[in-house]
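Since the structure comes first, as structure tokens, the remarks are kept for the end.
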Amino acid sequence: MKVTFKIFRFNPAVDSSPRWSVYEVEVDKSATILDALLKIKENIDPTLTLRYSCRQAVCGSCGMVINGKERLACFTRVLELNSNMITIEPLKNFPVIKDLVTDFTELFVKEKTIKPYIIRRDLEEMMKPVGMYLQKEEETLSYLQFAECIECGLCVSACPTVSIDRLFLTPMVLNKAYRFSIDPRDEGFEERLSIIDSEHGCWRCHFALACSNVCPKGIDPGKSIQYLKNMITSHSLLELFLGRTKKKKKTELLERPHISSEPEI
Amino acid sequence: MRESVKMLLHYITGVLILITGAIHVLSGHFEAYGLIKSAELYSINKLIFLASILYHALNGVRVVLIEFVPKRWFTDSITLVLIIIGLAFFIYTSLLIF
Amino acid sequence: MSNVGARKSRGRVTGWLKIRGYSIEKVMYLVQRISGLMIVGFLLWHLLDTNQAYLLITELQILFGVIIIFHALNGVRLVLAEYGFIVGKPIRAVYPYKFTTLRGLQRLSVALVIVVFIILTAIWILNIVGVIG
């Protein structure tokens, strides 16, 4: 079947404004958008630039706006779109480097500010471990869904707040903040609080659910951000009125004496 | 004040507006049917309504503005400006009520 | 740097108006915001204009009644949603993915808001026009 592709082209070294290129490609039932783009690059126009890696929705490199909605090129079949004319643009709310390739630098800077890793205070235990932190199923379930993020940037492109507020932390980063704050092994919620609870933090999410609509991994950032708000509010209310904070349920240490007998270096 | 407390107040005042606003709009009906006839109660209700709605409205404006102008200096100064506007409106209108 | 001369990010307020392909919550977000700003304008007018002659104009009365009803109903739903009461529990992300925010209690609340909004709007308009009340 012949399908027409209308693709956003922009090369900052040559062009002063973006232009559109139109290609006709023969696709079969199983072809994904990425297959079609590579076919164009190989057979018709080698200057077409795109970023991809794994071809199976794991790496999160090939996010683009396909027919007006954010999708992974490798995760979308051409014929499932049911249209003869397919428009492909780079992700919105990101600077364009070339053609369909966008610059994620700013997003990763924001991600670093919320400390996306497990923070612990027991230095002694970390240096000389005596056991393991075996999680129960409900402990794992509290964060497992939100840990699947592949950082493809689709939610950032879809979010109506990011489109006007350049300082907003973005759904991806807030989801990450919740994933690590709710983790029963983590003790760094207070350290992240000053960033998440700021004017451009989680309260600029207004539940438009555009992020949940486009997420290719079933993470539902709209859900985790609302839980983050709940967590922050109960924390700051307790601090304001009682002057103390709620004790978090933690994963218990299962002592394993044989671990501590590590070989000396 | 933390952003979470500001937004909690935003939601609390929103619910308060629903209650006091309903009384404010229906007060004419109440008086006509002779259910509640207390001018002071209506005035107090009006005062709570006024304070809540000013907070809710101006905080809403603040939220929209700091999203539209994502600059540090603007984020820091807009709160003060809106507090002054809100207080001015509150004093002006509460003088009219009493 | 590799991105010298790169264009500024694409898409500004147009991100608000991009509705095709997204669910109804995004429309409600847009309407909530616009109605809120309209109510602020109405409020300032109401506070400053003490003789309130505009209250006699039927169209204005209907318009402000309708947007206040929507803003209030959707606002209640948003308070419940934003504190995580109706968005569903965390589940395993297994393909085919289920989004608990886009189904279940949250969707039910959206339907409820719309139904109650239509009923209250009908009552309000009929009341103003003088059919009932």
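Here is the naming used below: chain letters follow the sequence lines, and residue numbers restart at 1 for every chain. Computed from a predicted structure; not experimentally measured.
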Legend entry - Closest heavy-atom pair and its distance - Y92(B), L47(C): CE2-O, 3.9 Å
Legend entry - Heavy-atom neighbours of K98(C) NZ exceed 12 at 6.0 Å: no
Show every donor-acceptor pair shorter than 3.5 Å between a side-chain atom in residues 77-91 of chain B and any protein atom, with sequence neighbours excluded, or say none if there are none.
from	atom 1	to	atom 2	distance (Å)
S77(B)	OG	W73(B)	O	2.9
S77(B)	OG	F74(B)	O	3.4

Inset, instruction - With rounding to the nearest 0.5 Å, note down the distance linking CG in L58(B) to CG in L44(C). - result: 7.5 Å
Atom pairs and distances, side-chain donor-acceptor, residues 44-54 of chain B, under 3.5 Å, sequence neighbours left out:
from	atom 1	to	atom 2	distance (Å)
N45(B)	ND2	T20(B)	O	3.3
S52(B)	OG	I48(B)	O	2.7

Legend entry - Note, R33(C) side chain near V63(B) side chain (heavy atom, < 4.5 Å): yes
